[in-house]
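The analysis underlying the following values was restricted to heavy atoms, covering all of them including side chains, and did not include hydrogens, waters or symmetry mates.
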Amino acid sequence: MRADLDRILVSAREIATRVAELGRQISADYAGSRQLLAVGILKGSTIFMADLVRAISIPVSFDFMAVASYGQSSSSSGVVRILKDLEQNIEGRDVLLIEDIVDTGLTLNYLLETLRTRNPASLRVCVLLDKPERRKVAVPIAYVGFKIPDEFVVGYGLDYAERYRNLPDVWVLNPEAYQNNSEVKIQSTSGKDHGYDH
Ligand code: IMP
C-alpha cells in the first residue's frame with residue numbers, strides 16, 4: 001500500500017495544531033450563537049469534523065449530507081445529486097458546512113446554492129484543504145486549514161477509490177497509482193467523480 005504513497009504533505013501533528021486553532025476561531029466567531037449546526041459532507045469530512053467539533057467550545061449540533069456528481073463524465077460537471085439530505089430544518093440556523101477539500105469548487109458551489117434557498121441565518125464553509133490552482137468557480141470559504149498545491153492527496157478522511165481514509169497524515173498519492181489503473185478513476189465516497197486530469 002505504501003508504494004502508492006509518495007510523501008506526507010501535512011502531518012497529523014500539523015493537522016492537530018491547525019484544527020485546535022480553527023476550533024478556537026470558530027468558537028469566538030460564533031460566540032453567543034445557540035444555533036450553530038455543523039454540516040459534514042460524507043464521507044471525506046468525517047475525521048476532520050470529528051476532531052473539529054471537539055475543538056469548538058460553544059454548543060454545536062451536527063448533521064450530514066452525501067452528494068455525488070451527476071453522470072459519469074470524466075470531469076466534474078458541477079451538477080450534483082444529493083444522495084443523503086439533512087435531517088434538520090436549517091431555517092434560522094447558523095450553518096457551518098464542513099468539507100475535506102475544495103478543488104474545482106463545483107461541489108461546494110452547488111451545495112451553497114441549495115442550502116441558501118432554505119434560509120439559514122448564516123451559511124459559512126470550513127475546509128481542511130484548499131487547492132486554489134484548480135478552482136473553476138469562486139466559492140466563499142471562511143475557514144481554511146491548509147492551502148495545498150495541485151496534487152492528489154489521501155488520508156485523514158480523503159480517499160483514493162475508498163482507500164487510505166484512515167491514514168493519520170495527509171499524503172500525496174503517487175501519480176502512477178492512478179495513471180496505471182484505468183479501472184479505478186479518481187473517485188470517492190459516493191462514486192463522486194473528481195475529474196482529475198492528471
Ligand atoms: P470539487 O467539486 O472539484 O471542488 O471537488 C471536491 C471533492 O473532490 C472533494 O470533496 C473530494 O471528495 C474530492 N477531491 C478533490 N481533490 C481531492 C484529492 O486530492 N484527494 C481526494 N479527494 C479529492
Side-chain angles (χ1 to χ4, degrees), residues 8-67 80 82 84-103 105-132 135 137-149 153-159 165-171 188-189:
I8 291 179
L9 189 66
V10 192
S11 72
R13 186 187 286 259
E14 290 172 303
I15 293 171
T17 303
R18 186 69 187 122
V19 166
E21 283 170 7
L22 288 172
R24 277 195 294 274
Q25 197 183 337
I26 290 166
S27 306
D29 292 353
Y30 288 90
S33 168
R34 289 268 165 273
Q35 296 286 330
L36 180 57
L37 176 68
V39 171
I41 309 305
L42 296 172
K43 306 172 200 167
S45 70
T46 49
I47 295 186
F48 176 43
M49 176 149 159
D51 284 344
L52 183 67
V53 291
R54 284 177 293 173
I56 293 176
S57 56
I58 59 168
V60 55
S61 45
F62 25 104
D63 206 339
F64 297 93
M65 287 181 88
V67 296
V80 174
I82 295 179
K84 185 216 169 297
D85 208 337
L86 296 174
E87 290 171 7
Q88 304 180 41
N89 181 355
I90 60 167
E91 190 167 348
R93 304 292 300 271
D94 290 315
V95 175
L96 183 61
L97 211 54
I98 300 182
E99 250 295 35
D100 50 359
I101 186 164
V102 57
D103 187 26
L106 292 167
T107 307
L108 264 183
N109 188 50
Y110 177 88
L111 283 169
L112 287 172
E113 279 178 6
T114 302
L115 294 182
R116 252 181 228 124
T117 65
R118 302 181 188 181
N119 300 319
S122 68
L123 179 59
R124 286 187 192 162
V125 176
C126 176
V127 296
L128 176 70
L129 304 171
D130 181 8
K131 268 194 235 179
R135 199 74 88 254
V137 53
V139 276
I141 305 174
Y143 307 98
V144 176
F146 302 91
K147 286 201 170 149
I148 62 165
V153 291
V154 295
Y156 198 69
L158 292 115
D159 75 310
R165 291 191 196 278
N166 58 318
L167 295 173
D169 309 282
V170 170
W171 289 74
S188 86
T189 31

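- In this structure the side chain of V170 reaches within 4.5 angstrom of the side chain of I15, judged on heavy atoms.
- Under the 4.5 Å side-chain criterion, counting only non-hydrogen atoms from C-beta, L115 is in contact with I90.
- The closest side-chain heavy-atom distance from V60 to L37 is not below 4.5 Å.
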Quiz prompt | S61 vs R93, side chain to side chain donor-acceptor pair (under 3.5 Å): CA-CA, chis, key distance, verdict | solution = CA-CA 11 Å; S61 45; R93 304 292 300 271; 2.9 Å; yes
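- With rounding to the nearest 0.5 angstrom, the CG atom of L96 is 9.0 Å from the CE atom of M49.
- Contact of the L111 side chain with the L97 side chain is registered, since non-hydrogen atoms from C-beta on lie closer than 4.5 Å.
- For E21, the salt bridge (charged side-chain N to carboxylate O under 4.0 Å, His left out) test picks out R18, with sequence neighbours left out.
- To the nearest 0.5 Å, atoms CG (L22) and CD1 (I26) are separated by 5.5 Å.
- Atom CZ of F62 is surrounded by 12 or fewer heavy atoms from other residues, nucleotides or ligands within 6.0 Å.
- K131 contributes no side-chain N or O that, together with a main-chain N or O of I101, makes up a donor-acceptor pair within less than 3.5 Å.
- Among residues two or more places apart in sequence or in another chain, the side-chain contact (heavy atoms from CB on, under 4.5 Å) test is passed with A55 by V19.
- Residues D159 and V154 come closest through the heavy atom pair C-CG1, 3.7 Å.
- Partners of R54 under the salt bridge (charged side-chain N to carboxylate O under 4.0 Å, His left out) rule, at least two apart in sequence or in another chain, are D51.
- Checked against side-chain contact (heavy atoms from CB on, under 4.5 Å), A12 has the following partners two or more places apart in sequence or in another chain: P168, D169.
- Note that CE of M65 is 3.5 Å distant from CD1 of I82, once rounded to the nearest 0.5 Å.
- Side-chain contact check for I41 versus V67: some heavy-atom pair is nearer than 4.5 Å.
- Looking at every heavy atom in both residues, R135 comes nearest to D103 through NH1-O, 2.9 Å.
- Every residue two or more places apart in sequence or in another chain was checked for a side-chain hydrogen bond (donor to acceptor under 3.5 Å, both in side chains) with T17, and none qualifies.
- For S57, the side-chain hydrogen bond (donor to acceptor under 3.5 Å, both in side chains) partners two or more places apart in sequence, or in a different chain, are S27.
- Here the closest heavy-atom approach between residue I98 and residue S45 is recorded as O-CB, 3.4 Å.
- For residues 107-120, every residue pair satisfying the salt bridge (Lys or Arg N to Asp or Glu O under 4.0 Å) rule, not counting sequence neighbours, is listed here: D85-R118.
- Looking at residues two or more places apart in sequence or on another chain, you find a side-chain contact (heavy atoms from CB on, under 4.5 Å) between D29 and Q25, R124, Y143.
- For the residue pair L158 and V153, the shortest heavy atom distance occurs at CB-O, 3.9 Å.
- Two residues are said to be in side-chain contact when any heavy atoms from C-beta on lie closer than 4.5 Å; D130 and I148 fail this criterion.
- Y30 meets the side-chain hydrogen bond (donor to acceptor under 3.5 Å, both in side chains) test with no other residue; sequence neighbours excluded.
- Y156 contributes atom OH, which lies 10.0 Å from atom CG of L129 (distance to the nearest 0.5 angstrom).
- In terms of heavy-atom proximity, L36 sits nearest to P59 at CB-O, 3.8 Å.
- For residues 137-148, the set of pairs meeting the salt bridge (Lys or Arg N to Asp or Glu O under 4.0 Å) definition, not counting sequence neighbours, is empty.
- When all heavy atoms are compared, the tightest approach of I47 to G157 is CD1-N, 3.8 Å.
- Not a single side-chain hydrogen bond (donor to acceptor under 3.5 Å, both in side chains) links N109 to another residue, sequence neighbours left out.
- Take D94 and apply the salt bridge (charged side-chain N to carboxylate O under 4.0 Å, His left out) test, not counting sequence neighbours, and it matches no residue.
- A side-chain donor-acceptor contact under 3.5 Å links D63 to the backbone of E87.
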